[in-house]
Every structure is written in C-alpha cells, then in structure tokens.
Visitor: 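This is the structure I have questions about; it appears just below.
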There are 2 protein chains.
Amino acid sequence: MFHKGVLEHRSSRVKMVFMVTTTQRTERRADALSKARIVEAAIDILNTDGESGLTFRALSARLATGSGAIYWHVADKTELLAAAADAVIARVMTEAVSGGEPREAVRAIALGLFDAIDDHPWVGAQLSLGPLRSAMLQIFEGVGGRLQALGVPERAQFDAASALVSYILGVAGQNAANARLAREMDRSDRSAFLATIAAQWARLDPTNYPFMRQVAAQFAEHDDREQFLAGIDLILAGIATVR
Amino acid sequence: MFHKGVLEHRSSRVKMVFMVTTTQRTERRADALSKARIVEAAIDILNTDGESGLTFRALSARLATGSGAIYWHVADKTELLAAAADAVIARVMTEAVSGGEPREAVRAIALGLFDAIDDHPWVGAQLSLGPLRSAMLQIFEGVGGRLQALGVPERAQFDAASALVSYILGVAGQNAANARLAREMDRSDRSAFLATIAAQWARLDPTNYPFMRQVAAQFAEHDDREQFLAGIDLILAGIATVR
DNA sequence: ACCTGAACACCGTTCAAGT
DNA sequence: ACCTGAACACCGTTCAAGT
C-alpha cells in the first residue's frame with residue numbers, strides 16, 4: 001500500500017517524504033514521542049518550576065529521551081513556548097464560550113484569560129511576546145464576535161476589538177510579572193505586601209507624585225481581578241459611545 | 001575632613017562604609033566606571049543589537065573592563081535591563097510633559113511612549129516584565145494627574161488610570177514583539193507584509209473565524225499608531241461616562 | 001573601594017551515529 | 001523516520017587576586 005505525497009513538518013522547514021508501508025501498519029507505542037506529548041510535558045514543567053525550569057535537559061529527562069529527539073518535533077525553544085501558550089489559551093477559550101448576552105460573554109472571556117494567567121504566569125509573558133499566533137487569533141475572534149452581536153457599527157469593530165485585546169494582554173503581562181515577583185520574594189501575605197507598597201507611595205515627593213500619594217490608600221485595598229473587570233467595563237462603555 | 005556614615009549600595013545589599021578623605025578630593029577620571037555609564041552603554045548596545053546582543057562580555061568589552069567590574073555597580077542582568085528601561089522612559093516622560101488641555105496631554109503621553117517603544121522595542125518587552133518600577137510610577141502619575149484635571153470623580157480615578165496604563169503597556173508589549181519579528185524576518189515592505197497576513201485571515205475557516213475574515217480587509221490598511229490612539233480615545237470616552 | 005579575568009556551572013543547539 | 005547523547009559555542013555569575 002502506498003502513501004503518495006506525505007507532507008512532513010520537521011521544525012519550521014517543510015519537506016516532501018515518500019513513505020512506503022505494508023498494509024500491516026506498525027503500531028506506535030503509546031509513549032511514542034510527538035509534538036503534542038512534548039508540549040504537554042513542557043506545560044507541566046512550566047507550571048511547577050516556572051520559565052527558568054524549562055530546559056531541554058529537564059524536558060528530555062522527563063520524556064526519557066535525548067535532547068536531540070525533541071528537536072526532531074520542535075524547531076527551537078521559542079516555538080516550544082509559543083505552542084505551550086497556544087495550548088493553554090485554546091483550552092481557556094473553548095471553556096469560555098458562553099452563549100448568553102454578548103456583554104457578559106466578553107467579560108467571561110476576559111475573566112477566563114485573567115484566571116488562566118493567574119494560574120500559569122508564564123502564559124502571560126508569552127502572550128505579550130508573540131503577536132499573530134493562533135492564541136491571539138482565538139482571543140481576537142472571541143471578543144470581536146461579541147462586539148458584532150452587541151451592535152457595534154462595522155467600521156468601529158476592528159479598533160474596538162483591538163483595544164479590548166490589547167488591554168487584556170497588558171494586564172496579562174503585568175499579572176505575570178507580579179506572579180513571578182511573588183514567587184521570588186516570599187510574598188505569602190498579600191495584604192501586608194500591598195500595604196508596604198502603599199506606604200512607599202504615600203511617602204513619595206508631593207510635587208512630583210501628587211496622584212500616587214492620593215491613590216495609595218485605594219491601592220492597599222484594591223483587588224486585581226475587580227480592577228481588571230472595571231477596566232473592561234470602562235472600555236465597553238467607551239465602545240457603546242460610538243454610534 | 002570626615003564623611004561620617006556613607007551609605008554604599010553594592011548590588012542590592014546595603015552596607016555601611018566609613019570613608020576618610022583629605023580635603024583634596026581625588027579627582028575621578030572622566031571615564032571612571034559608574035552605574036550611569038554602564039546603563040548608558042547597555043542602552044547603546046540594546047538599541048543597535050537588540051536584547052540578545054546585550055551580554056556581559058559585550059558590555060565589558062565596550063567599557064574596556066572585566067565583566068566582574070560591572071557586578072560591582074549592578075546586581076545582575078535583571079537590574080541592568082530594568083535600569084535601562086527606566087532611563088529611557090524617564091526621558092520620554094519629561095519630554096511629554098505638555099501643559100495644555102488634559103485630554104490632549106494624555107494622548108501626548110501615550111503617543112510619546114508608543115513612539116519611544118517603536119524606536120526601542122526592548123523597552124516594551126521590559127515594561128510588561130517589571131511591575132512597580134519607577135518607570136511605571138511616572139507613567140501612572142502622568143496619566144492619573146490628567147484624569148484629575150479632567151474632572152473624573154475621585155473614586156473612579158484609580159481604576160481609570162489603571163485601565164489606561166494597562167492598555168498602553170499591552171500595546172507596548174505587542175509592538176515590541178512585532179518589531180522583533182520584523183527584525184528577524186526581513187520585513188522591509190510593511191504593506192506587503194500586512195497584505196500577506198490579511199490574506200491568511202481571509203482564508204480562515206468561516207464557521208470558527210467569521211470576525212477575523214470580515215476584519216481582514218481593514219487590517220491590511222490599518223495604521224498601528226492610529227489604532228493605538230483610537231483605543232486611547234475609546235477608553236477616555238468610557239471614562240467620561242462615569243459621573 | 002574598585003577592578004581584573006580566569007573559572008564554574010549551565011544553557012540551547014547541532015550532528016554523526018545508531019535503529 | 002526517528003532517536004541518542006556527546007560535543008560545541010556561548011552565557012550569567014563568582015571570586016581570588018591585584019591596585
């Protein structure tokens with residue numbers, strides 16, 4: 001039996017391979033290496049040990065292969081990180097597909113992403129790094145579709161969706177950075193930590209930083225998740241302005 | 001002549017040093033090493049060779065010292081990158097202090113940051129990495145102050161400023177990623193590049209990506225800077241909604 | 001105090017060799 | 001086709017030794 005022109009991806013390059021097989025397919029072992037399995041293992045490592053924990057040595061040890069084997073399925077570390085982030089985002093987006101009212105749907109998507117990045121900070125860093133990846137496409141589509149449903153005029157839809165997505169990614173990046181910091185310093189007591197920063201702000205030079213001083217008190221009591229949602233609502237309110 | 005208790009920063013640790021000097025101060029050579037000079041050299045390298053070009057070897061070669069000398073003035077590479085970004089942002093913010101109408105002032109700050117990050121992509125990546133650094137403080141203060149002037153109710157000022165800053169940082173990060181990509185692939189012809197992506201979007205699966213398909217045409221002709229400003233205006237419109 | 005530069009530990013990536 | 005693992009080039013960081 002012949003398989004004529006099989007397209008085989010090896011890294012980013014593409015080459016033609018002519019494969020000849022008997023009718024009796026050779027069974028793959030359950031634990032055979034594949035891009036999917038590699039990405040899954042990478043996600044596990046990223047979640048437990050953070051970005052600095054993901055090395056090709058750690059990865060190949062966990063997969064019980066040589067480091068070179070990984071390069072057969074994946075071009076380089078950049079592609080590996082991007083694929084890992086894509087996988088996580090894809091899951092979030094399929095879970096966040098709520099039918100319902102479009103404004104609520106946008107909030108659900110936004111919150112889903114927020115929570116996912118809170119759990120997996122490395123995704124946040126990754127998101128603000130790669131631009132036109134499939135993860136971004138899904139987010140853009142999810143948000144943009146609801147804006148259509150909301151009745152936003154067509155000419156305004158692109159800018160509006162772009163604003164929402166940029167905002168989401170901005171918060172994602174900051175959140176990821178915060179989470180990384182929280183891991184480094186042992187910041188077990190969040191409210192004590194916020195109070196320390198608020199106190200610093202309150203002590204800033206009054207002529208150069210009047211706003212920060214005023215806002216210090218609110219900062220000590222604010223909730224990141226609520227503030228994130230407040231921003232989404234602010235942007236939605238601005239979008240509702242366009243007629 | 002005595003200098004009693006001089007606080008000397010060495011890396012992040014702080015130690016007390018008692019220094020005795022004669023009235024005749026020993027003149028520093030003009031090219032003596034200092035954190036400021038190191039940061040300046042780092043900025044030069046980052047601008048010309050990008051983030052991957054900044055190594056302690058390259059830096060010490062340019063400064064004609066050993067790599068260890070740099071560690072006397074700077075804790076590690078993270079601190080070095082943060083200090084470099086802070087320096088660039090500080091310049092932008094002092095230039096962007098326009099008096100004028102507050103709404104225009106917010107736009108001026110936003111555009112100043114946008115252009116700076118367009119010139120120095122590495123700053124964008126850095127901004128979404130460190131959270132409560134002095135650069136962020138300045139941006140937050142600049143934006144927040146104008147919101148006060150705009151007459152935004154005090155209880156809404158913190159959330160409003162936070163939304164604007166997050167949006168700015170989000171776009172900054174994406175822009176930085178784009179610029180990095182543009183450098184890797186030789187993307188000299190921007191409009192041709194946009195057209196390629198638009199064509200990809202137009203070919204996406206219609207059931208899963210109706211919005212992206214519709215928006216593809218607009219994407220081919222959009223201007224990043226204008227779209228960024230449109231987002232700022234959208235958020236400002238949302239903020240004006242709060243009474 | 002401040003600088004030098006060799007040494008250390010560790011990394012991503014390649015590649016001849018195996019099956 | 002797919003995997004192995006030693007080898008390569010390069011990195012951030014440390015530190016005994018100099019001035």
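Letters go in sequence order (proteins before strands), and every chain restarts at 1.
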Visitor: Counting any heavy atom closer than 4.0 Å, what does A/Leu63 reach on the DNA or RNA strands: base, sugar-phosphate only, or nothing?
Guide: nothing
Visitor: Without decimals, in angstroms, what is the distance between B/Tyr71 OH and C/dA7 P?
Guide: 18 Å
Visitor: Please state how far atom NZ in B/Lys77 lies from atom C1' in D/dC10, giving the value in whole angstrom units.
Guide: 11 Å
Visitor: Please determine, for the side chain of A/Arg57, which listed nucleotide (C/dT13, D/dT14, C/dG12) has the closest atom?
Guide: C/dG12
Visitor: For residues A/Arg91 and A/Ile43, report the shortest heavy-atom separation together with the two atoms involved.
Guide: NH2-CD1, 4.2 Å
Visitor: Could you tell me whether the phosphate oxygens of D/dC3, OP1 or OP2, come under 4.0 Å of any side-chain nitrogen or oxygen in A/Trp72?
Guide: no
Visitor: Which nucleotide, if any, forms a Watson-Crick or G-U wobble pair with D/dC8, using both distances under 3.5 Å?
Guide: C/dG12
Visitor: Determine the minimum heavy-atom distance between A/Arg37 and A/Leu63, stating which atoms define it.
Guide: NH2-CD2, 3.7 Å
Visitor: Where does the angle between the aromatic ring planes of B/Tyr71 and B/Phe56 fall among parallel (under 30°), tilted (30 to 60°) and perpendicular (over 60°)?
Guide: parallel
Visitor: Of all the nucleotides listed (C/dC2, D/dG5, D/dG12), which has the minimum atom distance to the side chain of A/Ser67?
Guide: D/dG5
Visitor: Would B/Arg190 and B/Asp224 count as a side chain to side chain contact (heavy atoms under 4.5 Å, CB included) here? Give the steps.
Guide: CA-CA 11 Å; B/Arg190 180 188 145 87; B/Asp224 283 338; 3.4 Å; yes
Visitor: To the nearest Å, give me how far apart CG (A/Leu80) and P (C/dT13) are.
Guide: 10 Å
Visitor: So, B/Arg225 and B/Asp115, do they make that salt bridge, N to O below 4.0 Å?
Guide: yes
Visitor: Choosing from D/dC3, C/dG12, C/dT4, which nucleotide comes nearest the side chain of A/Thr65?
Guide: D/dC3
Visitor: Assign the ring pair B/Phe158 / B/Phe140 to parallel, tilted or perpendicular, where the plane angle (0 to 90°) is split at 30° and 60°.
Guide: tilted
Visitor: Would you mind telling me which residue lines up with the more 5' stretch of DNA chain D, A/Ala69 or B/Phe56, judged by nearest nucleotide?
Guide: A/Ala69
Visitor: B/Asp76 CG to D/dG12 C1': how many Å, rounded?
Guide: 9 Å
Visitor: Please check the phosphate of D/dC3 (OP1 and OP2 only) for any side-chain N or O of A/His73 closer than 4.0 Å.
Guide: yes
Visitor: For residues 161-172 of chain B, please give each side-chain donor-acceptor pair under 3.5 Å, one per line with the distance, not counting sequence neighbours.
Guide:
| unit_1 | atom_1 | unit_2 | atom_2 | d |
| --- | --- | --- | --- | --- |
| B/Ser162 | OG | A/Gln227 | OE1 | 3.4 |
| B/Ser166 | OG | B/Ser162 | O | 3.0 |
| B/Tyr167 | OH | B/Phe228 | O | 2.9 |

Visitor: Taking any strand in view, what nucleotide pairs with C/dC2 in a Watson-Crick or G-U wobble way, both distances under 3.5 Å?
Guide: D/dG18
Visitor: Closer to the 5' end of DNA chain C via nearest nucleotide, is it A/Thr55 or A/Gly68?
Guide: A/Thr55
Visitor: Heavy atoms within less than 4.0 Å of DNA chain C: which residues of residues 42-53 of chain A have one? Give them sorted by number.
Guide: none
